Protein chains: 2
Amino acid sequence: MSDKPLGIGMIGLGTVGRGVAALLRDEAGLYTQRCGRALELRRVVVRDAAKAAAAGVVKPSLVTTDITDLLNDDAIDVVVEVAGGLDPVGGYVEQALRAGKHVVTANKTLLAERGPELFALARANGVAIAFEASCGGGIPCVTALTQGLMANRIDGLYGILNGTCNYILTEMTRGGKSYTDALAEAQSAGFAETDPAADVSGADAAQKLAVLASLAFGVRITGGQVPTRGIDGLSLSDIELAGELGYDIKLLATAERWPGQDWVNTEVQPCFVRKDELLAQVHGPYNALSVHGHAVGHVLLFGQGAGQLPTASAVVADILGIANGSAPAAFSRMRITPDLAEPAPLVDPADTESAFYLRMQTVDQPGVMAQVTRLLGDRGISLAAVLQHESRAGEVVSLVITTHLARRGDVQDAAAEIAALDAIHGEPVVIRIVDLPA
Amino acid sequence: MSDKPLGIGMIGLGTVGRGVAALLRDEAGLYTQRCGRALELRRVVVRDAAKAAAAGVVKPSLVTTDITDLLNDDAIDVVVEVAGGLDPVGGYVEQALRAGKHVVTANKTLLAERGPELFALARANGVAIAFEASCGGGIPCVTALTQGLMANRIDGLYGILNGTCNYILTEMTRGGKSYTDALAEAQSAGFAETDPAADVSGADAAQKLAVLASLAFGVRITGGQVPTRGIDGLSLSDIELAGELGYDIKLLATAERWPGQDWVNTEVQPCFVRKDELLAQVHGPYNALSVHGHAVGHVLLFGQGAGQLPTASAVVADILGIANGSAPAAFSRMRITPDLAEPAPLVDPADTESAFYLRMQTVDQPGVMAQVTRLLGDRGISLAAVLQHESRAGEVVSLVITTHLARRGDVQDAAAEIAALDAIHGEPVVIRIVDLPA
């Protein structure tokens, strides 16, 4: 391990890239002191050099639009990829690895879709990929899963992995706002993009979950394999009814493997979480990840899952890990990345068990409750609670039922049958009630 | 880095040691797969070989009462010290380091008192000390501070670092129990020792704080340098009054450096924590550490701070870090351990500012409130809230005052003057109200 400066080439100078550049500039002395060698930003590849110059955070002489300026610089030891997306960035990362450069990336999409092949390429070239910033922003959740909790067989991950969704849900829950109003507020507060689709659809959380679950369970899984439901269809009524029942609704990214089972179930969906759970106390744009390990029990990590400096904090931590040699050592020795893993033995979510919340819109007429509960009972689904507010005759009201543990497929089938009843308007809303392990 | 098995010698086969041995035995295949080499427990040093044999978790042939059996075994690469205490264990660790063996330790006392000299000895012998299990049990807080959050200047640590105290406080808060009853219950539930002094006095938390603060701030500090007040003098009345004011009382280990200041303030004491803070949601024997970094903002880590398998989880994670070479690389390169640091520039707590809670016992007579508030006002201490329940004439009642930010020394001086008032019975209770950074 050398004492010479660690040469850094960066791809991208957007929000996160400017944060990384600012930390490397402002804390240069601290980092040199901490890791015993200087961290030297030698090159920044951007699409628009004028815009990069205007940002003012890096010397104009370092900026280029030509990736080969970076790839051909032998003094660049590590490529920091903070541009995002699959193309052209995936190709750049590939070239960097082939050129024998370590890669630090914040790109969950790239890892969720092409992780195994890139990890294998890094391995073949004797370099490492570090990716703390790809999941959970500044929260050291990748470090926890790949190091601190490595002695555990992981039974479950339960994550709030998208700050935009959590901000919107918090506004709906605490502020009584509609989804539309809460989204607009998130946009004006800078917590949601103009096109919020990737966030509110759950796709962003699914990609992060794929990365984390692959590490936790030692399997190969892509973001696209995660059954995903976002918050965009969520009604304020369900949040209010959840509250009455003692729950908050959170967009949870879950990855579970029951002890003794050889399958893994991954999902992203709005879930009921008991108000007294720590995950229910995660408000606004914050993220959190609950990890349940067979030895350690429940560990929760909380922090800012996005944002310039929190994400840059994770990127620079990875750079320091490359600089001190620990990240390459762990990457080359630990056989925990998905290039070395088998495809995840994914279960059909219909075959998993959970408690559920069902809300039906009904004209309160004699016999409706009997019909509904009979359809549930026929499938062996037992009721935990029933909630129906007082109504006037003929008025459409919400009939709410929570179930004990039931097979999801059975609940969905029963819901379809319930939807066909004359007295039921529209489709029943079905939401998972998560019973977090102790 | 070798593919041959990592030879392990263990000192101690108590609760944690048996947990480590059980994990190494039961998960041998998993660990070998994960780190590419076998973890081989070759020797266990105990005081009582018969007792060790009776535990049944290691082969009797591995057990010895002679430390030289371990030190002289060249196939032992790493010594796992889970015996605790300073003597004779400190000497054993010293000998192991001199013999060129890495050390994994769960011993907060040893690190809090002799850390700098042992870290220096490790460095001189080209080996590493790993100590995740010494603070926060299974919570990967050392990993977070030394790796995941390493890009940050840390402004504050706020920790619930003693599960016994938190269990007792939870029982007092939620169960309305007296300290004595809650302690008895903690003892019968196995969460408190027969002699609970080290826990309830705050000394255990102070040692852990010394270890964590030395890493976070890059300073040298011993457990004995941390001003410490335990929960043993805490009255149920103060917990109930805290609740009325919107707070819970937690035993907090705090280490703070205000931006721009060059001093560090470390303390362990019962504190008021707003009920809506995550730290107030940490119940029972659980621990948590809030870290506030200049880039990452607020990160919280939560989990079991003690117990056989949670602690063993951290020990084995450290062993895996030694096995894959990342821990030695980081230890030798990163200049963050206290052997390389200057003594902490500790401030006199009297010179720090905080909000405070004061409770006085008074016979409610005309003029008392005026006298008390004048004494506070004379020292520039401004009032945030006043609480006094209705009482009958001549009855002794609690007069509660909370302050805005005030110098602690001024509050203590005012409290002493208040104690001297005729209408005040006994000494005022003074408790810090922690305003956690956003």
Side-chain angles (χ1 to χ4, degrees), chain A residues 1 19 23 27 30-31 33-37 132 137-140 142-144 147-153 218 276 278 281-282 286 288 293-304 307 309-310 312-317 319-321 323-330 332-336, chain B residues 1 19 23 27 30-31 33-37 132 137-140 142-144 147-153 218 276 278 281-282 286 288 293-304 307 309-310 312-317 319-321 323-330 332-336:
Chain A
M1 183 55 54
L23 284 181
E27 309 298 340
L30 182 70
Y31 299 153
Q33 180 216 320
R34 283 186 175 165
C35 78
R37 59 194 295 203
E132 181 62 84
I139 307 171
V142 171
T143 306
Q147 296 183 54
L149 304 177
M150 193 33 69
N152 289 266
R153 281 180 277 110
D276 61 358
L278 275 182
Q281 314 296 330
V282 176
Y286 278 92
H294 88 289
V296 79
H298 180 197
V299 166
L300 178 136
L301 310 166
F302 162 94
Q304 294 185 60
L309 285 178
S313 163
V315 169
V316 174
I319 296 173
L320 288 166
N324 70 41
S326 63
S332 69
R333 300 286 314 184
M334 294 298 277
R335 303 180 61 80
I336 53 177
Chain B
M1 182 56 52
L23 284 180
E27 309 298 339
L30 181 70
Y31 299 153
Q33 180 216 318
R34 284 186 175 166
C35 78
R37 60 194 295 205
E132 181 62 84
I139 307 171
V142 171
T143 306
Q147 296 184 52
L149 304 177
M150 194 31 69
N152 289 266
R153 282 181 278 108
D276 62 358
L278 275 182
Q281 315 296 329
V282 176
Y286 278 92
H294 88 290
V296 79
H298 180 196
V299 167
L300 178 136
L301 310 167
F302 162 93
Q304 295 184 61
L309 285 178
S313 163
V315 168
V316 174
I319 295 173
L320 288 165
N324 70 41
S326 64
S332 69
R333 300 287 313 188
M334 294 298 278
R335 303 179 62 79
I336 53 177

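Proteins come first, then strands; the chains are lettered A, B, ... in the order of their sequence lines, and each starts at number 1. Just so you know, these numbers come straight off a predicted model, no measurement behind them.
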Decide yes or no on side chain to side chain contact (heavy atoms under 4.5 Å, CB included) for A:Cys35 and B:Arg333, but give the supporting numbers first.
-> CA-CA 6 Å; A:Cys35 78; B:Arg333 300 287 313 188; 5.8 Å; no
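When all heavy atoms of B:Ser313 and A:Ala151 are compared, the closest pair comes out as O-CB, 3.5 Å. In plain terms, the two heavy atoms of A:Met150 and B:Tyr31 that are nearest each other are O-CE2, 4.2 Å.
Chosen from A:Ala317, A:Gly148, A:Pro310, A:Ala312, the residue pairing most often with chain B at heavy-atom distances under 4.5 Å is A:Pro310. For the set B:Gln281, B:Met334, B:Arg34, the count of heavy-atom pairs under 4.5 angstrom toward chain A peaks at B:Arg34. When the candidates B:Thr143, B:Leu278, B:Leu23 are compared by the number of heavy-atom contacts under 4.5 Å with chain A, B:Leu278 comes out ahead. Among A:Leu309, A:Ile336, A:Leu300, the residue with the largest count of heavy-atom pairs under 4.5 Å with chain B is A:Leu300. Of all the listed residues (A:Asp276, A:Ile139, A:Val315, A:Leu320), the one sharing the greatest number of non-hydrogen pairs under 4.5 Å with chain B is A:Leu320.
The shortest side-chain heavy-atom distance between B:Val299 and A:Phe302 does not fall under the 4.5 Å cut-off. Residues B:Leu149 and A:Pro140 are in side-chain contact: their nearest non-hydrogen atoms beyond the backbone lie under 4.5 Å apart. Put simply, the side chain of A:Val316 does not reach to within 4.5 Å of the side chain of B:Asn152, judged on heavy atoms. For the pair A:Val296/B:Gln304, no side-chain contact is recorded, criterion being any heavy-atom separation below 4.5 Å from C-beta on.
In terms of the side-chain contact (heavy atoms from CB on, under 4.5 Å) criterion, residue partners of B:Arg335 (sequence neighbours excluded) are, by chain and number, B:Leu340.
Proximity to chain A involves both the backbone and the side chain of B:Leu301, based on heavy atoms less than 4.5 angstrom apart. Contacts between B:Glu132 and chain A at a heavy-atom distance below 4.5 Å are absent for every atom of the residue.
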